[in-house]
Number of protein chains: 2
Amino acid sequence: MAGIKDVAAEAGLSVATVSRVLNGHPSVSEDARRRVTDAVERLGYRPNAVARSLRTDQTRTLGLVISDVMNPYFTELARSVEEEARALGYSVIIGNADERPDLQDHHVTTLLDRRIDGLLVSPTDGGSPGMLGAARAGTPMVFVDRWIPGVDVPVVRSDGRAAVRDLVAHLHALGHRRLAIIAGPAATTTGRERVDAFREALAAHGLELPDAYIGQGDFQAGSGRRVTEGFLDLPQPPEVVFAADNLMALGALDAVRARGLGVPDDIGLAAFDDIPWFVHTDPPVTAIAQPVRDLGRAAVRALVDRIEGGPGASVTLPARLVVRRSCGEGGPGIENPPSPVRRSTP
Amino acid sequence: MAGIKDVAAEAGLSVATVSRVLNGHPSVSEDARRRVTDAVERLGYRPNAVARSLRTDQTRTLGLVISDVMNPYFTELARSVEEEARALGYSVIIGNADERPDLQDHHVTTLLDRRIDGLLVSPTDGGSPGMLGAARAGTPMVFVDRWIPGVDVPVVRSDGRAAVRDLVAHLHALGHRRLAIIAGPAATTTGRERVDAFREALAAHGLELPDAYIGQGDFQAGSGRRVTEGFLDLPQPPEVVFAADNLMALGALDAVRARGLGVPDDIGLAAFDDIPWFVHTDPPVTAIAQPVRDLGRAAVRALVDRIEGGPGASVTLPARLVVRRSCGEGGPGIENPPSPVRRSTP
DNA sequence: CTGAAAGCGCTTACAG
DNA sequence: CTGAAAGCGCTTACAG
C-alpha cells in the first residue's frame with residue numbers, strides 16, 4: 001500500500017509538502033498542489049488514519065455504548081447518531097452492552113484504548129467502574145436516554161412524565177382502575193422514572209400502585225413474559241399492564257397469548273417506546289413515543305461541542321402518547337374505532 | 001494519561017521490558033514482571049491501541065458493512081458478528097449503508113483508512129468501486145448474506161431455495177394459485193435469487209409468475225407499500241403476496257390495512273426473514289427463517305481464518321419455512337388452527 | 001512556499 | 001533477562 005513517501009517521490013516533493021496539500025494547508029503553491037493531487041490519484045494513495053491519529057492525538061471517532069442493539073429504540077438511536085456524526089465528520093463505533101455492566105465496561109475500556117474523541121453512553125446500571133473512570137478521566141462524554149445521577153456529564157433524554165400522565169388519564173377514562181407496570185431495572189434512571197411517573201399519575205386519579213402490581217423486569221422480552229405471568233396468576237389480576245419498554249411488551253404479548261387469553265379483552269397492554277410494528281400487532285399497541293431521531297442528533301451535537309471545548313448543554317425533549325387499541329379503546333364489539341393521536345404537549 | 005514511559009520510570013525498568021510483560025513475552029524475570037504489573041496498576045496505565053496498531057500493522061478490528069441496520073435481520077446479524085468477534089479477540093466497527101451504494105463506499109473507504117484487519121460485507125449492489133477496489137487490493141474479506149458474483153471472496157449465506165419450495169407447496173395446498181412477489185433490488189443476489197426460487201417453485205406446480213405479479217421493491221418498507229398497492233389495483237389481484245424481506249412485508253401490511261382490507265381474508269402474505277414480531281402481528285405472518293446467529297458466527301470465523309492466512313471457506317446454511325396464519329392457514333371461521341413448523345430439510 | 005527533522009506511543013530485532 | 005535504538009506513517013514547528 002502506497003505511503004506518503006511514495007507520493008512525495010512520485011510528485012518530486014517532500015513529504016511535508018504532500019502532507020500540507022492533503023490537509024488543505026494554505027501556503028502551498030498551485031503547482032505543488034497539482035503535482036501532489038496527480039501523484040495521489042496515480043498511486044491510489046489513502047492516508048493512514050492510524051498514523052495520523054497517533055500524531056494529531058485525535059481519531060475523529062465517537063464511541064456509542066448502548067444497552068441493547070436488538071431493541072428497536074436503540075437501533076434507531078444508533079442510526080441517528082451515526083448520521084449526525086457523519087455529517088459532522090466523525091465516525092462512530094458502537095458497543096452493545098446487552099444490559100450487562102461487565103460488557104458495558106469492556107466496551108468503554110476498548111473504546112478508550114482506541115482513543116476515541118468522545119463517548120456517548122446510555123448506562124446499563126448505576127455506573128460501572130470503567131464508566132465512572134472515563135467520566136473522571138475527563139474524556140468528553142454525554143449520556144443519552146439513561147444517565148447517572150451525580151456524574152457531571154450532559155444528559156440528552158426525553159421526558160415521559162407528561163405522556164405517562166396522558167396515558168393514565170386515557171386508561172382512567174376507559175374505566176380501568178387496576179393498573180400494573182412492568183418496570184425496568186431499578187439501577188437505570190429510565191427504569192425508576194417510568195415507575196415514579198406512573199405512580200404519580202395514578203395518585204392524581206386517587207389510584208394506588210400496590211407492590212403486587214409492580215413487576216421487576218430488565219428491559220428484555222423474557223422478563224416481560226415472566227412478570228406478566230405473575231400478574232395473570234394474581235387472585236385479582238390488573239386490568240391493564242404498562243410495559244416500560246417495547247421488548248417487555250413483546251414478552252407480555254407472548255405470555256398472554258400462551259395462556260390462550262387475548263389483549264385487550266382479557267387484559268390491556270400499553271408500552272413505553274413506540275415502534276413501527278406496534279401498528280400491526282394484534283391488537284395495535286397504545287404506546288408512548290420518544291423523538292428518537294432528535295435525541296440522537298442532539299446527543300452528537302452536545303458531544304462534539306464538548307470535544308471542541310464547549311459546555312455541551314443537556315437537552316430534554318417531550319415524549320407523546322399514541323393511542324391505539326390495546327387498552328380496550330374500541331369498546332366491546334366495535335371493529336374499527338377511530339385512532340386519535342394525542343400529544344403530551346397540548 | 002500515563003504512557004509506557006511513565007510505567008517504565010515507575011517500575012525502574014526500560015520501556016522495552018515493560019512492553020514485553022504487557023505482551024506476555026516469555027523472557028522476562030518474575031521480579032520485572034511484578035514490578036511492571038504493580039506500576040501499571042498504580043498508574044492505571046492502558047496501552048495506546050493507536051500506537052500499537054501503527055507499529056504492529058494490525059488493529060484487531062473487523063469492519064462490517066451492512067445494507068440496513070434498521071432491518072431486524074441485519075441487526076441480529078451484526079450482534080452475532082460482534083459476539084463471535086469479541087470471543088476471538090476482535091472488535092467490530094459497523095457501517096450502515098442504508099441500501100445506498102455511495103454510503104456503502106463511504107464506509108468501506110473509512111474502514112480501510114482505519115486499517116481494519118478484515119472486512120465483512122453484505123453488498124447493497126453489484127459492486128461499488130470502493131468495494132471492488134478493496135477486494136482487489138487484497139484486504140481480507142468475506143461476503144455475508146449477499147455477495148457479488150465474479151469476485152473471488154468467500155461467501156457465508158443461507159440458501160432459501162428449499163424453503164421457498166416448501167412455501168409454494170404450502171400455498172398451493174391451501175388452494176392458492178395467483179401468487180405474487182415483492183422482489184428485492186435486482187442488483188443484489190438475494191433480490192434475484194428469491195424471485196428465481198419462487199418462479200421455479202411455481203413452475204413445479206405448473207404455475208406461472210406473470211410480470212404483473214413481480215413488484216420491484218428495494219428491501220425497505222415504503223417499497224412494500226407501493227408494490228402492494230399496485231397489486232391491489234390489478235383487475236385480477238394476487239391471492240397471496242410473498243415479500244422478499246420483513247420490511248417490505250411491513251409495508252404490505254400497511255397498504256392492506258390502509259385500504260380497509262384484511263390479511264389473509266382479502267389477500268395472503270408471506271415473508272422472507274422471520275422476526276419475533278411476526279408472532280404477534282395481525283395475523284401472525286408465515287415466514288422463511290434464516291439461521292442468522294450461525295451465519296454471523298460462520299462469517300467471522302471465515303474472515304479471521306483469511307486474516308490468519310487461511311483460505312476462509314464459504315458456507316451455505318439452509319433456511320426453513322415457519323407456517324403461521326397469514327396465508328389463510330386457518331381456513332374461514334377457524335379461530336386457533338395448529339401452527340405446524342415445517343423444516344426445509346425433511 | 002518548501003524541506004529537514006523531531007516526535008506521537010508503541011514493538012522488536014540486535015547486542016550484551 | 002534487559003536495554004538502547006530504530007522505525008511504523010504521519011504532522012508540524014522551525015529555518016530558510
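What you see is a predicted model; the values in this text were computed from it and never measured. Within every chain, numbering begins at 1; the chains are lettered A, B, ... in the order of the sequence lines, protein sequences first and strands thereafter.
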So does [Y] get a backbone contact from the side chain of [X], meaning a donor-acceptor N/O pair under 3.5 Å?
X      : Y      : answer
A:R192 : A:A186 : yes
A:E10  : A:A39  : no
B:R146 : B:P123 : yes

Measure [atom1]/[X] against [atom2]/[N] and give the value in whole Å, please.
X     : N      : atom1 : atom2 : answer
B:D31 : D:dT2  : CG    : P     : 7 Å
A:R60 : D:dC10 : CZ    : C1'   : 17 Å
A:L22 : D:dC10 : CG    : C1'   : 10 Å
A:Q58 : D:dT11 : CD    : C1'   : 11 Å
B:R52 : D:dG9  : CZ    : P     : 18 Å
A:R34 : C:dC1  : CZ    : C1'   : 16 Å
B:N48 : C:dT11 : CG    : P     : 10 Å
B:R35 : D:dC1  : CZ    : P     : 15 Å

With a 4.0 Å cut-off, would you call A:R297 and A:D294 a salt bridge?
->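 Yes, A:R297 and A:D294 are salt-bridged.
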Does a nitrogen or oxygen in the side chain of [X] sit under 4.0 Å from OP1 or OP2 of [N]?
X     : N      : value
B:T17 : D:dG3  : yes
B:Y45 : C:dC10 : yes
B:S29 : D:dT2  : yes

Between A:D113 and B:N48, a side-chain donor and acceptor under 3.5 Å |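 No pair is found: no donor N or O on one side chain lies under 3.5 Å from an acceptor on the other.
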Provide the Watson-Crick or G-U wobble partner of D:dA4, both distances under 3.5 Å; none if there is no partner.
->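 For D:dA4, the partner nucleotide comes out as none, under the 3.5 Å rule.
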Using Watson-Crick or G-U wobble geometry with both distances below 3.5 Å, tell me the partner of C:dA13, or none.
->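 C:dA13 is paired with nothing.
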So which one's nearest nucleotide on DNA chain D is more toward 5', B:R115 or B:V28?
->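 Residue closer to the 5' terminus by nearest nucleotide: B:V28.
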Chi angles and distances behind the salt bridge (charged side-chain N to carboxylate O under 4.0 Å, His left out) call for A:D98, A:R100 | CA-CA 5 Å; A:D98 247 334; A:R100 287 169 40 193; 5.4 Å; no
Every protein N/O lying under 3.5 Å from an N/O of nucleotides 4-8 of chain C:
residue, atom, partner, partner atom, Å
C:dG7, N2, A:R55, NH1, 3.0
C:dG7, N3, A:R55, NH1, 3.4

Which pair of heavy atoms, one from B:N96 and one from B:H107, lies closest together, and at what distance?
->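 What the structure gives for the nearest pair is O-CE1, 3.0 Å.
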Mind checking A:D57 for me? I need base, sugar-phosphate or nothing, with any heavy atom below 4.0 Å counting as a touch.
->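 The residue A:D57 makes no contact with any strand.
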